[in-house]
Number of protein chains: 2
Amino acid sequence: MPRPTGGVRTADAMHEAAAELFYLHGYEATSLRQVAARIDIQVGSLYNHINGKDDLLRNIMLGVMNDLLAAQRTALRGRTDVVDRLRAAIDCHIRFHAGKAREVFIGNSELRSLGDKDRRTVVAKRDQYEKVLRVLVEEAAAQGRADVVDTRLSVYAIVAIGTHVSTWYRPQGELSIDQIVAKNIVLCLRQLGVSADEIEAIEAASAVGA
Amino acid sequence: MPRPTGGVRTADAMHEAAAELFYLHGYEATSLRQVAARIDIQVGSLYNHINGKDDLLRNIMLGVMNDLLAAQRTALRGRTDVVDRLRAAIDCHIRFHAGKAREVFIGNSELRSLGDKDRRTVVAKRDQYEKVLRVLVEEAAAQGRADVVDTRLSVYAIVAIGTHVSTWYRPQGELSIDQIVAKNIVLCLRQLGVSADEIEAIEAASAVGA
DNA sequence: CCATGCTGAGCGGACGTTCGTTTGTTCGTC
DNA sequence: GACGAACAAACGAACGTCCGCTCAGCATGG
């Protein structure tokens, strides 16, 4: 059944099926036959949309990194106060890692399955993302708004929480996404040595919205 | 070349080679032929020591979990003050995840490659490990020694830092393992709402040893 | 002398990929 | 509205390769 107008849908369904299977079983353990079966087509038909299996992984990983960077830009847009920018960046970080848990998990666990060129691209984007956090932490410290032990370790701690959230978060869990975000923001700001007063003000502000 | 006394050595070398390859390429992407080649024997010979490829993964993962639990028990032995116990548990956690980065990384990324029974065993051990941390955090809060936002999220944050450390730590890095441990302990205690005075005392004590 | 452990050939099967064929759709022409 | 060329996309069989695994045979140290 050729579907001239359905072509785009097939391509989308294929990437969706691939993301789900890569998430569940990993890239290497997923066969193209499984991907094809999930959208009820034959293996060979996949090659109307991709040049090879690696295309599927590349598209997913580059996509999630671009989305992550875009989300960070959007979250910071229009904010000037450095602690507010930090709060917004952490909010975005946790929320994104919970909301796109599947893609983020693939992004973090399948880096080594990527070819050299693509891996370098993804790592560069990750570095770019982390650099924004690092600069924010440095600025907060420079302005005396944070008492930072070690910039790199502090940024890693924030990153680590997001990565970890993507491994356990499920929408039907006992904590809502807003609660998870709000509480983790407090943990991160504490860790950064932001004053208790400032953290309380931020907590109060987020409680208004809840 | 049969090696009557070398049998044990072959078994050890095989597990070592498997761990290295699983770490570098992942379980599914590693073939038994690669494992065999790394210790200069033929594929079939591996079966003198294992019943199947999954034995290699099982041994590595059960081994690392047992080691982790043992390290935690040792770290806590003889300590009574709850904040000191927390500090020791975090110290052990970070140090173990840096020192056994390879095995820990495999343990965290290859859970899904394990059979049902073994996965349940590993998850149970991980739960047991996290429960010790959870109880410590609850005790510290109950004694008024910590101002905990959310027990589960705080424990997850500690766990996440360890997992993350295992992805980037290299012995020749610019921070020594002792520095990484000491600084991360401060981050974790801050996040747990331990008082600045207590944290300073702990920092001073570790600085003496450095 | 025999248990231990390695060799080396080989099994069946699954893999990613290719390709000629078939099918459904679009669109210009009359 | 009917025709037919052009095209996109799925089919399905086949390809060579690699996989995990088995096993008969042989070497050697205790």
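Here the structure is a predicted model, which is why all the values come from computation and not from measurement. The sequence lines fix the lettering, A, B, ..., with proteins before strands; numbering per chain opens at 1.
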Chemist: Using whole Å, report how far CD1 of B:I41 lies from C1' of C:dG8.
Modeler: 13 Å
Chemist: Could you state the atom-to-atom distance from CG of B:D12 to P of C:dG5 in whole Å?
Modeler: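 These atoms are roughly 12 Å apart.
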Chemist: Within this structure, what is the NE2-to-P distance between B:H25 and D:dC19, rounded to whole angstrom?
Modeler: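 The distance from NE2 of B:H25 to P of D:dC19 comes to 12 Å, rounded to the nearest Å.
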Chemist: Without decimals, in angstroms, what is the distance between A:N48 CG and D:dG12 P?
Modeler: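 Rounded to whole Å, this separation is 14 Å.
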Chemist: With a 4.5 Å limit on heavy-atom distance, are the side chains of B:L24 and B:T30 in contact?
Modeler: no
Chemist: Please report the distance, rounded to the nearest Å, between CZ in B:R9 and C1' in C:dT4.
Modeler: 15 Å
Chemist: B:K100: what forms a side-chain hydrogen bond (donor to acceptor under 3.5 Å, both in side chains) with it, not counting sequence neighbours?
Modeler: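 For B:K100, the residues satisfying side-chain hydrogen bond (donor to acceptor under 3.5 Å, both in side chains) (neighbours in sequence not counted) are B:D67.
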Chemist: Looking only at non-hydrogen atoms, find the nearest pair between A:T10 and A:I39 and report the distance.
Modeler: O-CD1, 4.3 Å
Chemist: Which pairs of donor and acceptor atoms, one on a side chain in residues 120-130 of chain B, lie under 3.5 Å apart (sequence neighbours left out)?
Modeler:
from   : atom 1 : to     : atom 2 : distance (Å)
B:T121 : OG1    : B:K117 : O      : 3.0
B:K125 : NZ     : B:N66  : OD1    : 2.9
B:Y129 : OH     : B:H93  : ND1    : 2.7

Chemist: Are B:R9 and B:E16 close enough for a salt bridge, meaning some N to O gap below 4.0 Å?
Modeler: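 Result for this pair is no, no salt bridge flagged.
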Chemist: Rounded at 0.5 Å granularity, tell me how far CG in A:D54 sits from CE in A:M61.
Modeler: 12.5 Å
Chemist: What one-letter contact string describes nucleotides 12-18 of chain C from 5' to 3', where B marks a base within less than 4.0 Å of any protein heavy atom, S marks contact via sugar-phosphate atoms alone, and - marks no contact?
Modeler: ---BBBB
Chemist: Would one find a side-chain N or O of A:H49 under 4.0 angstrom from OP1 or OP2 of D:dA8?
Modeler: no
Chemist: Within this structure, what is the CG-to-P distance between B:L46 and D:dT22, rounded to whole angstrom?
Modeler: 12 Å
Chemist: Would you say a side-chain N or O of A:T10 is under 4.0 Å from OP1 or OP2 of D:dA10?
Modeler: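 Yes, within the criterion.
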